[in-house]
Participant: 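This structure is in structure tokens; I'll ask about it shortly.
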Amino acid sequence: YNDGPDFEIAFDEFMLGWRSFNYLFLVIYPRERELELLTALGPYADPQWANQHALELAQAETLSLTGIDQYFAAFNVGTSQVNLLSYVDAGVAYDEAFRLYAALPDDSKRPFRMMWYQTGPYWAYYYAGRYQDVINLADTTLKDTIAEPVLEESLYWRAMGQVAVGQTDAAVEDLRSSLKYHPEFAPASICSKALG
């Protein structure tokens, strides 16, 4: 098992893993070197440019890849559009990603935990006014991908969808559950207080 400080991974395997998170990277730097970092990042220092570039890369990959790689690329199209605040287009992109996911062969390594770590589809569907899709996606995530419904983000987003369609009692229950599993989860706490 390859683990520890000298962890090595094959380039193709690394790229597959990185693609599944839209090639996101985090730079940690001392404050006094910020100007040097911004220079090194070049256009990537501008979030708008970086998100537009990520969108264009993902769109190109949806045309050149197949199977699970194409699914990740389609998902990344949605994520980049959420980051660009283009929620209706993002919702359409996530619809396509989920269609590709459903078409994957049964013997493929399906990434069933996607919604555990990436909540872009909730943002897209909610801010596009697709509240029932938010609820349905949260139901699927909470019932089909985990033994117990303990994902505070999915509980929160289901509550948001429920509030939008007038199911306030169910929303309050989900917000309480979200805070039970993550007492410091600010979005659920704020929404819970707003509902009384």
Participant: Are any of the side-chain heavy atoms of Asn51 and Leu55 separated by less than 4.5 Å?
Facilitator: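 Result no, sub-4.5 Å side-chain heavy-atom pair not found.
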Participant: Would a 4.5 Å heavy-atom cut-off, applied to side chains only, mark Phe98 and Leu137 as touching?
Facilitator: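 When only atoms from C-beta onward are counted, Leu137 and Phe98 do touch, with a gap below 4.5 Å.
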Participant: Hey, does the side chain of Asn76 reach the backbone of Ala54 with a donor-acceptor pair shorter than 3.5 angstrom?
Facilitator: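 Flag not set: sc Asn76 to bb Ala54 has no pair under 3.5 Å.
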Participant: Kindly work out whether a path of hydrophobic side-chain contacts (I/L/V/M/F/W/Y, heavy atoms less than 4.5 Å apart) joins Phe11 to Tyr23.
Facilitator: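 In one cluster: yes.
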Participant: I'd like to know if the side chain of Gln162 and the backbone of Thr168 have a donor-acceptor N/O pair within less than 3.5 Å.
Facilitator: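 Not at all, since once roles are kept as given, no pair shorter than 3.5 Å links the two residues.
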Participant: Mind listing the closest non-hydrogen atom pair of Tyr156 and Cys191 along with its distance?
Facilitator: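 Reported closest heavy-atom pair: CE1-CB, 4.2 Å.
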Participant: Identify the two heavy atoms, one from Leu179 and one from Ser189, that lie closest to each other, and give their separation to 0.1 Å.
Facilitator: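 Result for this residue pair: CD2-N, 3.7 Å.
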Participant: I'd like to know whether Leu175 forms a side chain to side chain contact (heavy atoms under 4.5 Å, CB included) with Leu155, so could you lay out the CA-CA distance, the side-chain angles of the two residues, the decisive distance to 0.1 Å, and finally the verdict.
Facilitator: CA-CA 7 Å; Leu175 291 169; Leu155 289 162; over 6 Å; no
Participant: Measure the spacing between CE of Met160 and CG of Asp174 and express it to the nearest 0.5 Å.
Facilitator: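 Spacing of CE (Met160) from CG (Asp174) equals 12.5 Å.
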Participant: Is a donor on one side and an acceptor on the other found under 3.5 Å between the side chain of Glu61 and the backbone of Asp69?
Facilitator: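 Side chain of Glu61 to backbone of Asp69: no pair is present.
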Participant: Please report the C-alpha distance between Val77 and Glu96 in whole Å, then the side-chain angles of each, then the deciding distance to 0.1 Å, and finally whether the side chain to side chain contact (heavy atoms under 4.5 Å, CB included) criterion is met.
Facilitator: CA-CA 10 Å; Val77 169; Glu96 174 62 9; over 6 Å; no
Participant: Checking Trp18 against Phe72 for the side chain to side chain contact (heavy atoms under 4.5 Å, CB included) test, could you report, in this order, the C-alpha distance in whole Å, the side-chain angles of both residues, the deciding distance, and whether it holds?
Facilitator: CA-CA 10 Å; Trp18 197 16; Phe72 285 131; over 6 Å; no
Participant: Measuring from atom CG of Leu85 to atom OH of Tyr87, what distance do you get when rounded to the nearest 0.5 angstrom?
Facilitator: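 Taking CG in Leu85 and OH in Tyr87, the distance rounds to 4.5 Å.
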Participant: Hydrophobic clusters here meaning ILVMFWY residues chained together by side-chain heavy-atom distances under 4.5 Å, can you tell me if Val88 and Tyr127 are in one?
Facilitator: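 Hydrophobic grouping puts Val88 apart from Tyr127.
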Participant: Can you measure from CG (Leu142) to CD1 (Ile135) and round to the nearest 0.5 angstrom?
Facilitator: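 Here the interatomic distance stands at 12.0 Å.
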Participant: So Trp49 and His53, would you call those rings parallel, tilted or perpendicular, with 30° and 60° as cut-offs?
Facilitator: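 Because their plane-to-plane angle is under 30°, the rings of Trp49 and His53 count as parallel.
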Participant: Distance check, rounded to the nearest 0.5 Å: Glu148 atom CD versus Lys143 atom NZ?
Facilitator: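 Answer for the CD-NZ pair, Glu148 versus Lys143, is 15.0 Å.
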Participant: Check whether any side-chain heavy atom of Thr140 sits under 4.5 Å from a side-chain heavy atom of Met115, and report yes or no.
Facilitator: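 Side chain of Thr140 against side chain of Met115, heavy atoms only: no contact under 4.5 Å found.
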Participant: Which heavy atom in Val134 sits nearest to a heavy atom in Tyr125, and how many Å separate them?
Facilitator: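 Distance-wise, the nearest heavy atoms are CG2-CB, 3.6 Å.
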Participant: Do Val172 and Ile190 sit in one hydrophobic cluster, given that two such residues count as connected whenever their side-chain heavy atoms are within less than 4.5 Å of each other, even indirectly?
Facilitator: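 No, no single cluster joins them.
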Participant: Looking at Tyr126 and Ala164, what are the two nearest heavy atoms and their distance?
Facilitator: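 That closest heavy-atom pairing would be CE1-CB, 4.5 Å.
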Participant: Is there a side chain to side chain contact (heavy atoms under 4.5 Å, CB included) between Phe21 and Tyr117? Walk through the geometry before answering.
Facilitator: CA-CA 9 Å; Phe21 283 91; Tyr117 305 107; 4.0 Å; yes
Participant: Do you know which two heavy atoms are closest between Leu104 and Gly67, and how far apart they sit?
Facilitator: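 Closest approach of Leu104 to Gly67: CD2-C, 3.6 Å.
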Participant: Less than 4.5 Å apart, any side-chain heavy atom of Pro121 and any of Phe75?
Facilitator: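 Yes, side chains in contact.
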Participant: Do Lys180 and Val150 make a side-chain contact, defined as non-hydrogen atoms from C-beta onward lying under 4.5 Å apart?
Facilitator: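 No, side chains not in contact.
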Participant: Decide whether Phe7 and Met15 are clustered together by the hydrophobic rule: side chain heavy atoms of Ile, Leu, Val, Met, Phe, Trp, Tyr closer than 4.5 Å, transitively.
Facilitator: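 Yes, because Phe7 and Met15 connect within a single hydrophobic cluster, where side-chain heavy atoms sit under 4.5 Å apart.
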Participant: Roughly how far, to the nearest 0.5 Å, is the OH atom of Tyr122 from the OH atom of Tyr94?
Facilitator: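 Rounded to the nearest 0.5 Å, the OH-OH separation comes to 12.0 Å.
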Participant: Quick check: is Leu24 connected to Tyr29 through a chain of hydrophobic side chains (ILVMFWY, heavy atoms under 4.5 Å apart)?
Facilitator: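 They do not share one cluster, since no chain of ILVMFWY contacts under 4.5 Å joins Tyr29 to Leu24.
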Participant: So, for Gly91 and Ala124, which heavy atoms are closest and what is the spacing to 0.1 Å?
Facilitator: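 Heavy atoms of Gly91 and Ala124 come nearest at N-CB, 3.7 Å.
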Participant: In this structure, are over 12 heavy atoms from other groups packed under 6.0 Å from Glu173 atom CD?
Facilitator: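 Atom CD in Glu173 is not packed in, count stays at 12 or less.
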Participant: Atom CD of Gln59 and atom CD of Glu56: how far apart are they, to the nearest 0.5 Å?
Facilitator: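 CD of Glu56 is found 7.0 Å from CD of Gln59.
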Participant: Does a sphere of radius 6.0 Å around CG in Asp144 hold more than 12 heavy atoms from other residues, nucleotides or ligands, not counting ones at 6.0 Å or beyond?
Facilitator: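 Atom CG in Asp144 is crowded, with more than 12 foreign heavy atoms closer than 6.0 Å.
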